[in-house]
Each structure stands twice: as structure tokens, then as C-alpha cells.
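First listed ligand is number 1; within each ligand, the first listed atom is number 1.
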Amino acid sequence: MTTRSQTRTLRVGNVQIGGGAAIAIQSMTKTDTRDIAKTLGQINKLHTAGCEIARVAIPDIEAAEAFCEIKKNSPLPLVADIHFDYKLAMLAIKYGADKIRVNPGNIGGEEKMLEVARAAKDAGIPIRIGVNSGSLEKKYISIYGGITSQGLCESALHHINLLESIGFYDIVVSIKASNIPMMLESCTQLAAYVNYPLHIGVTEAGPGVSGAVRSAAGIGSLLMMGIGDTIRVSLTSDPEDEVLCAKEILQALGFRVFGPTLISCPTCGRTEIDLRPLVNDVDMFLQGLKDNIRVAVMGCAVNGPGEARDADYGVAGGKGFGVLFKNGNIIKKVPDDMLADELIKLIKSELAPTQAQV
Ligand code: SF4
């Protein structure tokens with residue numbers, strides 16, 4: 001079992017971050033924030049998908065005014081994402097932001113950063129210092145001869161010290177880089193110096209499968225080192241996909257449970273049942289459940305019986321039939337065209353009535 005770093009506890013709206021709380025899932029809206037209806041629509045979708053904190057970009061005054069309305073109707077705690085203009089952070093705080101994310105590399109100087117921190121302190125909300133390899137301050141690039149993990153870490157530490165200098169400790173820190181080894185190195189270095197909660201993610205991870213794999217590699221590696229209190233998967237995709245990917249990472253590593261786990265074999269030359277449609281049917285059914293169950297759908301007698309026995313429910317394929325398992329015991333032999341129905345019927349019969357209706 002991974003031992004997680006003991007970090008300070010803070011709250012973003014009603015969500016606790018750090019101090020051993022469940023690793024929170026964040027995402028970010030991708031609409032024009034000035035379009036209040038569209039942005040709220042996306043926040044509602046994120047909420048339904050299981051997102052716990054949503055971040056909203058505030059690029060100008062109009063967006064800040066829209067944020068005020070969005071915040072009033074949001075089902076999720078909202079983080080105002082600010083670059084370049086500290087006055088936008090001040091407005092977002094006034095309009096009820098649950099957290100401010102600033103990039104110290106582009107907020108316009110230390111005095112402005114401190115002004116934001118004083119306002120956040122008065123409002124009782126945290127600040128995320130978000131250092132990013134794409135906008136590291138020139139001085140750290142010049143000291144280290146380029147963008148390096150040391151430079152990223154030092155930038156984060158400098159800004160932490162700055163906030164601490166005025167007694168501000170409600171700090172979340174992130175260091176993100178699209179270069180995964182660099183992101184891992186800098187976050188590991190940072191975690192050795194501070195006990196503030198860390199927000200982790202692979203920035204600009206990309207689209208589809210590559211983005212999901214890069215995110216899982218970066219975020220998963222840190223989580224397994226005990227580092228990370230909240231995560232954001234950054235995909236060139238709908239934000240709900242980011243949430244689904246984040247849930248998969250957390251569940252795969254055993255940090256949280258959101259629903260059933262489906263184990264299915266990749267199929268090969270030994271497969272003697274039509275496994276893919278069977279897996280698709282079972283997967284569709286399981287997606288509607290929240291129960292912590294393991295279901296194995298396997299193609300043949302090589303690994304099938306072992307996996308099916310090890311799961312709560314399982315199927316091991318044979319020639320034109322499959323064997324149904326429950327809690328390690330064989331239930332019966334079923335013709336292959338009946339396997340999906342029989343497995344789903346078995347699971348439904350075992351679950352609580354509300355879940356069995358799904
Ligand atoms: Fe092939 Fe059987 Fe392994 Fe599936 S369980 S991949 S069918 S050997």
C-alpha cells in the first residue's frame with residue numbers, strides 16, 4: 001500500500017484537499033467563459049461525470065463579470081484561473097471564487113502577487129501557485145541554462161516563500177511540464193521541501209489514447225510515490241473525458257473506487273467465443289453501476305478460469321460455450337450467445353435493488 005505524504009489540509013469550497021483526504025478530481029471548462037450558459041452547461045456535465053472542482057479561465061474583465069454569475073449557479077467549487085492581470089484575480093475573489101490559480105511567472109511582479117494573496121486571505125480561500133514549463137521565469141532559465149526541474153522547483157519555492165512572508169499558508173502547488181520525466185523530477189524535489197498539498201498533472205498531454213497514457217504515466221508515477229493530493233488530466237478532448245480518465249487512474253491504483261472493475265482478455269488465436277461483443281455488452285452494463293465489484297470476461301481456458309475465479313463474477317470461454325463463475329465457484333455452463341445475458345442477470349440478482357434496476 002502506498003504511503004501518501006502528509007500534507008496540510010485546506011478546503012476548496014466543500015472539498016478537502018491534502019491531509020490524507022481522498023485525492024480530488026479537477027477539470028477545466030473549455031468554453032468561452034463570457035458565454036455563461038455554455039460554461040455552466042459544461043460545469044454541470046463535469047459534475048455529472050464526477051468532477052469535484054472545476055477551473056474556469058478568466059482572460060478579461062467581461063469573463064470576470066460572467067464568472068460572478070457562473071459562480072452563483074455552479075454545483076461545483078470553482079477555481080478562477082488568472083494569467084497576466086492580477087486585477088482579474090482581485091475581481092474573481094470578490095465574486096466568490098473558491099480558489100485562485102495564478103502563474104507566478106506572468107502575474108506581473110511580487111507586489112501584485114502579494115496583493116492577490118492578501119485579498120485571498122481576507123476571503124479565506126486558497127491560492128494555487130501553478131508553475132508551468134511553458135512560462136518559467138527567465139531568471140531560472142538563465143541560471144540553469146534552460147528549462148529544468150531545478151528551475152521549476154526553485155520558482156515554486158520562491159513563490160511559496162513570498163506568500164509565507166505575509167503569513168499566507170493556504171497554498172496548493174503545482175509544477176507541470178509536458179516532458180514527463182521533468183515533471184516527475186520537479187514534483188519529487190518539491191515534495192521533499194514542502195508539505196503543502198500538491199496538484200499534479202501532465203500539462204498539454206494531447207488527444208485520445210496518447211493523452212490518456214501520458215497522463216496515467218505521469219500522474220500514476222507520482223501517486224505511487226505518495227505524492228499528489230488533487231489531479232487534473234489535461235486532454236485535447238471534452239472535459240468529461242478528463243474526469244473519466246482521472247477516475248480510471250485513481251481506481252486502477254487503488255486510491256478510490258467509482259464503480260466496477262472489468263477485467264477482460266485481449267483475445268488471441270486461442271479465443272473460441274466471440275469475446276468483443278460480449279465484453280462490450282458487459283462493459284455497457286457495468287458503466288451504470290457504482291458497486292465495488294470485479295468482473296472478469298475471458299476468452300479461453302488458459303487464464304480464463306483463474307481470472308474468473310479471482311473476480312466476484314466471471315466468464316471463461318470454451319468452444320461455443322462459456323463457464324459462469326461467482327465468488328470463485330462455477331455456477332454453470334452457458335451457450336456463448338447467452339453469456340452476456342446470463343452474466344448480467346447474475347450480477348443484477350446479487351446487487352442492491354436500486355442498482356439491479358439499471
Ligand atoms: Fe488468449 Fe485465452 Fe489469454 Fe484470452 S485468456 S488472451 S483467449 S490465451
Which donor-acceptor pairs under 3.5 Å do the side chains of residues 309-329 make with protein atoms, sequence neighbours left out?
residue: Arg309; atom: NH1; partner: Gly328; partner atom: O; Å: 3.4
residue: Asp312; atom: OD2; partner: Arg294; partner atom: N; Å: 2.7
residue: Lys326; atom: NZ; partner: Glu350; partner atom: OE2; Å: 3.0

Do Val282 and Leu339 land in one hydrophobic cluster if side-chain heavy atoms of ILVMFWY residues count as linked below 4.5 Å?
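Cluster IDs for Val282 and Leu339 match.
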If a pair satisfies side chain to side chain donor-acceptor pair (under 3.5 Å) and one of its residues is in residues 46-64, list it, with sequence neighbours excluded.
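Residue pairs passing side chain to side chain donor-acceptor pair (under 3.5 Å), neighbours aside: Arg34-Asp60, Glu52-Arg256, Arg55-Asp81.
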Could you pull out the N/O/S protein atoms under 2.8 Å of atom 1 (Fe) of ligand 1, ignoring any water?
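Short answer, with waters excluded from the count: Cys268 SG.
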Looking at Ile70, is its backbone amide N or carbonyl O close enough to the side chain of Ser74 to form a donor-acceptor pair, meaning the two atoms are under 3.5 Å apart?
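Absent.
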Can you name the side chain to side chain contact (heavy atoms under 4.5 Å, CB included) partners of Pro126, sequence neighbours left out?
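With neighbours one apart ignored, the set is Leu10, Val12, Lys99, Asp170.
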Where do Ile171 and Pro197 come nearest, in terms of heavy atoms and distance?
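It is O-CD, 3.3 Å.
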